[in-house]
Amino acid sequence: GKVRWMEVPFALGMFLNGDAAARAAVCAAEQGRPAFGRMHDRLFAGQGAWQDANDPSDLFRAYAQAAGLDLARYASCYASGATEARVRAANDLADRMGVRATPTFFINGRRHHGAYDIDHLSRAVRAAGARATLAAS
């Protein structure tokens, strides 16, 4: 109950087709957390291929199939303007919050950029909890 984990479909502008990959991830997430995890792993592993693609949608569909997603639901979601708008809104929010790298963690409103090991994150969460306890006293 101390931590809320959220994954936001944020796409760094420096990655070609990053917005499309974020849409693919969002559509996988609509089929549950395990589906998102499988698609996330495939997107990450295949990054070199989809970044260079003129249109990565067929490649993402193949990833969705390999990940065991319901392809009709995936295709409908991926084609949806609402999914594109959701990714755009997440990118706008990330920009307003100063997110410039992935991963970025917010612990009690404090921004932490970069890949931290579990010990570093645990210390940051414990320190934030201690500050919150002192403030509540």
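Computed from a predicted structure; not experimentally measured.
Hydrophobic clustering (side-chain heavy atoms under 4.5 Å, transitive across Ile, Leu, Val, Met, Phe, Trp, Tyr) keeps F60 apart from V87. Under the 4.5 Å side-chain heavy-atom criterion for ILVMFWY residues, no single connected hydrophobic cluster contains both Y78 and L71.
Atoms OG and CD, from S80 and E30 in turn, are 8.0 Å apart once rounded to the nearest 0.5 Å. In this structure, Y74 OH and R23 CZ are separated by 8.0 Å, a value rounded to the nearest 0.5 Å. Between the CZ atom in R73 and the CD atom in Q31 there is a gap of 4.0 Å [rounded to 0.5 Å]. One finds the SG atom of C27 at 8.0 Å from the CE atom of M39 (value rounded to the nearest 0.5 Å). Distance SG/C77 to CG/D70: 11.0 Å, rounded to 0.5 Å. Note that the CZ atom of R42 and the CG atom of L59 stand 11.0 Å from one another [nearest 0.5 Å].
Here the side chain of R111 pairs a donor or acceptor atom with the backbone of M97 at under 3.5 angstrom. Judged by distance alone, the side chain of N17 and the main-chain N or O of A20 form no donor-acceptor pair under 3.5 Å.
Qualifying side-chain contact (heavy atoms from CB on, under 4.5 Å) partners for Q47, counting only residues two or more places apart in sequence or in other chains: F15, F44, W50, Q51. Not a single salt bridge (Lys or Arg N to Asp or Glu O under 4.0 Å) links D41 to another residue, sequence neighbours left out.
Looking at heavy atoms from C-beta onward, P34 lies in side-chain contact with R38 at the 4.5 angstrom threshold. At a threshold of 4.5 Å between non-hydrogen side-chain atoms, the residues L16 and D52 do not count as touching.
When all heavy atoms are compared, the tightest approach of Y63 to A49 is OH-CB, 4.3 Å. Minimum heavy-atom separation, A128 to I107: CB-CG2, 3.5 Å.
Comment: R100 engages D95 in a salt bridge, judged by a side-chain N to carboxylate O separation of less than 4.0 angstrom.
Between the side chains of H112 and R110, no donor N or O sits under 3.5 Å from an acceptor N or O.
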Set out, in order, the CA-CA distance, both residues' side-chain angles and the distance that settles side-chain contact (heavy atoms from CB on, under 4.5 Å) for Q65 and L69, then state yes or no. CA-CA 6 Å; Q65 183 172 17; L69 275 62; over 6 Å; no

For the pair V99 and F106, evaluate side-chain contact (heavy atoms from CB on, under 4.5 Å) and give the outcome as yes or no after the intermediate values. CA-CA 10 Å; V99 175; F106 287 89; 3.8 Å; yes

What's the verdict on side-chain contact (heavy atoms from CB on, under 4.5 Å) for F105 and L121, showing C-alpha distance, side-chain angles and the deciding distance? CA-CA 9 Å; F105 300 95; L121 283 175; 3.9 Å; yes

